[in-house]
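Keep in mind that the numbers below use all heavy atoms, side chains included, and drop hydrogens, waters and symmetry copies.
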Amino acid sequence: MNAISHDVSKPAVAPGSEGSRLASLNAWVAEVAALTKPDAIHWCDGSDAENAALIAQMQRDGTLVKLNEQTHPDSWLHRSHPDDVARVEHLTFVCTSKQDDAGPNNHWMSPSDGHKQMDALFDGCMKGRTMYVIPYCMGPIDSPLSRCGVEITDSPYVVANMRIMTRMGAPALARIEREGKFVRGLHSIGELDPERRFIMHFPEELTIKSFGSGYGGNALLGKKCHALRIASYQARNEGWLAEHMLILGLENPQGETHYVAAAFPSACGKTNLAMLIPPEGYRADGWKVWTVGDDICWMRPGTDGRLYAINPEAGFFGVAPGTSEKSNPNALASIQKNTIFTNVGVTADNQPWWEGLDNGQQPVTDWRGSAYDAAKGPAAHPNSRFTVSAKQCPSYSEQAENPAGVPISAIVFGGRRASLVPLVFEARDWTHGVLVGAAMGSETTAAATGAVGVMRRDPMAMKPFCGYNFADYFSHWLSFDKDGAKLPKIFHVNWFRKGDDGKFLWPGFGENLRVLEWMIQRVKGEASSVETPIGHLPAEGDLNLDGVKLSEEGRAKLFGFDHAGWQAEFASIGEYLDEYGPRMPQALKDEQQRIAKALSN
Ligand SMILES: Nc1nc2c(ncn2[C@@H]2O[C@H](COP(=O)(O)OP(=O)(O)OP(=O)(O)O)[C@@H](O)[C@H]2O)c(=O)[nH]1
Ligand SMILES: O=C([O-])CC(=O)C(=O)O
Ligand SMILES: [Mn+2]
């Protein structure tokens, strides 16, 4: 490897002059090395040569398998340990001094117990391994909204993924040296033993410790651990928002672009909406969707009172199954080269394959590396993923690199709801919109271990990711509604309503543009709606459904309002808010009661 490698017998000194602001980083690296006892320390510079050397090493030891060079140049398959395929919410902790600060929404441990438990796991865990030090920046390197971190890991797979997902290496280290402040993330794959696996967050110390998993959301610490759990905590103290949201730009035929941020739970459609290709007629008229981000959004009020958003990530860690030329052509085009596939199947000629790819090919090997046998389950794991640079996405927005961010016109919440919830409705005002987000429910997916298809409350799609008490988080959201604020309108969508036959009633994907169009018309005051106790619904004819085939049942369920059903839902929402006790903001409880009362008439 032609980059800076350090012998552990000597103190590990990062690039930077004596007494520079990297002193605390150097001290921490030395402290971690003393605990974990690696054979070597490697400071990642993010160069192509470094990446090539790591890839070659992983190819030699079997961590990566080369895919078909003709069809998928420079692309790799990684097969994880079969017990390490998703986030582990039951093993994820927020360690605050006071338990109440973590809230009922988090598993909690005291910081001293958390450190003790983790340090025991890390003790000597890197013997025989190289310790990689990864300086990274979340967000454009020159943006005041961006934040830096350093991840220490013993996994070259993590290094290769962090290189795609973040601005990693020398420029990030230079920013850390300037700022003197960074989030500390310590990671080891350990023995990949599910019994010795924990992901712990110490928000008061801006520190993360993750042991025993190599899976994305558990191991790429810039993503969920830093950019959501730690950042949400920082954002509350500093007056901004760190959210589980995609960001897209919707360009109309007049050439105006409106930016939309949307929070859907894991595996509920963010990547797909962010990369939407408009239906044919719309395309001909000049409608376009630009992708700014597909998973995380950091937003801050600008001097004009509007919310400005950046995507802190530089790549996509997207769900493979269901991605096809028909459902998401932009994603498919993005992953034709320089892509790491994790836990997909492969074809006879070594191309990646997953359920729903629908390209006429067949898998011969499943995600475990066994001969494919349909009777033994899917070829690709349901949570198999691709990691790819955002720059390879044909719809990647030029504005995604704008250090000032993009102004948000609409915020959208949504979940997987087979029943009750209509296709779209609009909140009356900001407080109502915060309640709509707080009351979100969704059926669980394969993105986390545990049962799939179980309905649970997932406020703002942040249930697994909010680094502090949800009651305080809702108060923080409410606090943005102040003099001079020009806040986005808030909407709720449901692409997943099912009919009596158990099939989705709404065609979804590209057709979701019709819903975005109505939202922007509402933002501009150009579209009408019908008022109901739960908010404004589009009236028959308000949404352009030309060319969409909907059954009688579909129309009724997607655009109707089920009074009795919502009465029961609001009773359940009231009980949910009460679980947070007196910390729950009164304004939100009042809003819930106002609507419950309107529904009782
Ligand atoms: N029926 C239907 N399914 C959809 C739609 N959009 C996405 N999906 C499916 O939902 C699944 C997950 O979608 P993604 O867009 O990858 O989810 P995500 O929200 O980005 O997920 P994370 O990366 O886990 O945060 C895929 O299987 C998609 O095919 C839609 O409009 N309708
Ligand atoms: O974090 C991950 O591993 C993938 C993801 O986006 C999610 O689960 O929401
Ligand atoms: Mn996500």
Side-chain angles (χ1 to χ4, degrees), residues 32-40 57-58 61-65 77-95 106-132 134 151-162 184-202 207-225 229 266 317 340 342-343 366-370 377 381-385 387 444 446-452 464:
V32 168
L35 174 67
T36 60
K37 304 180 182 67
D39 279 9
Q57 176 192 322
M58 285 190 278
D61 71 17
T63 304
L64 294 182
V65 176
L77 167 64
H78 172 71
R79 292 192 182 104
S80 79
H81 189 285
D83 291 330
D84 186 31
V85 293
R87 285 183 296 99
V88 282
E89 296 181 3
H90 60 297
L91 302 175
T92 299
F93 286 73
V94 169
C95 305
N106 281 303
H107 299 295
W108 176 84
M109 203 178 281
S110 74
S112 57
D113 287 352
H115 283 304
K116 208 165 122 198
Q117 182 159 335
M118 295 310 282
D119 291 352
L121 293 170
F122 278 107
D123 191 359
C125 73
M126 295 189 192
K127 274 183 199 151
R129 299 180 185 173
T130 296
M131 179 174 114
Y132 300 92
I134 313 170
E151 173 164 0
I152 296 180
T153 181
D154 55 10
S155 161
Y157 167 80
V158 165
V159 179
N161 277 273
M162 284 290 284
R184 290 158 194 235
L186 173 54
H187 169 256
S188 170
I189 54 171
E191 314 87 48
L192 295 174
D193 175 357
E195 301 299 317
R196 284 163 52 84
R197 177 175 296 161
F198 288 102
I199 295 96
M200 295 212 191
H201 304 76
F202 304 86
T207 294
I208 303 152
K209 293 186 178 178
S210 166
F211 189 91
S213 168
Y215 170 74
N218 303 328
L220 311 178
L221 301 186
K223 195 173 179 57
K224 304 297 175 166
C225 300
R229 297 194 193 95
S266 303
F317 182 62
I340 300 173
T342 299
N343 292 338
D366 72 12
W367 63 276
R368 290 182 173 88
S370 309
H381 186 277
N383 191 40
S384 53
R385 301 249 169 186
T387 320
T444 52
T449 55
V452 167

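- Counting only distance, with no hydrogens or angles, the side chain of Asn161 and the backbone of Tyr157 share a donor-acceptor pair below 3.5 Å.
- Across all non-hydrogen atoms, the minimal contact from Ala447 to Ala86 is O-CB, 3.4 Å.
- Between Arg196 and Glu191, the shortest heavy-atom contact is NE-OE1, 2.7 Å.
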Assess whether side-chain contact (heavy atoms from CB on, under 4.5 Å) is satisfied between His115 and Lys209, documenting all intermediate values. CA-CA 8 Å; His115 283 304; Lys209 293 186 178 178; 2.9 Å; yes

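- To the nearest 0.5 Å, atom OG1 of residue Thr449 and atom CD of residue Glu89 are 7.5 Å apart.
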Using the side-chain contact (heavy atoms from CB on, under 4.5 Å) rule, take Asn343 and Arg385 through it: C-alpha gap first, then chi angles, then the decisive distance, then the call. CA-CA 7 Å; Asn343 292 338; Arg385 301 249 169 186; over 6 Å; no

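- Side-chain contact, Asn218 with Ser210: no donor N or O sits under 3.5 Å from an acceptor N or O.
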Test side-chain contact (heavy atoms from CB on, under 4.5 Å) on Tyr132 and Val158; report intermediate values, then the result. CA-CA 9 Å; Tyr132 300 92; Val158 165; over 6 Å; no

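- Nearest heavy-atom pair, Ala160 versus Ile340, reported as atom, atom and distance to 0.1 Å: CB-CD1, 4.0 Å.
- Nearest approach of Pro194 to Asp83, heavy atoms of both residues: CG-CB, 3.9 Å.
- Annotation for His187 and Thr153: closest pair ND1-OG1, 2.8 Å, computed over non-hydrogen atoms.
- When atom types are taken as modelled, the side chain of His381 and the backbone of Arg368 share no donor-acceptor pair closer than 3.5 angstrom.
- Between the Thr36 side chain and the Val32 main chain, a donor and an acceptor come within less than 3.5 Å of each other.
- With Arg129 as reference, Asp154 is the one residue of Asp39, Asp61, Asp154 to meet the salt bridge (Lys or Arg N to Asp or Glu O under 4.0 Å) rule.
- In this model, no donor atom of one side chain and acceptor atom of the other lie less than 3.5 Å apart for Arg229 and Thr92.
- Between the side chain of His201 and the backbone N or O of Phe93 there is at least one donor-acceptor pair closer than 3.5 Å.
- Between Phe122 and Phe211, the two ring planes are perpendicular [angle over 60°; tilted spans 30° to 60°].
- Residues Phe202 and Arg184 have side chains not in contact (no heavy-atom distance under 4.5 Å, counting atoms from C-beta outward).
- Considering every non-hydrogen atom in both Cys225 and Ile199, the closest pair reads SG-CG2, 3.7 Å.
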Intermediate values then yes/no, side-chain contact (heavy atoms from CB on, under 4.5 Å), Tyr215 and Arg87: CA-CA 7 Å; Tyr215 170 74; Arg87 285 183 296 99; 3.8 Å; yes

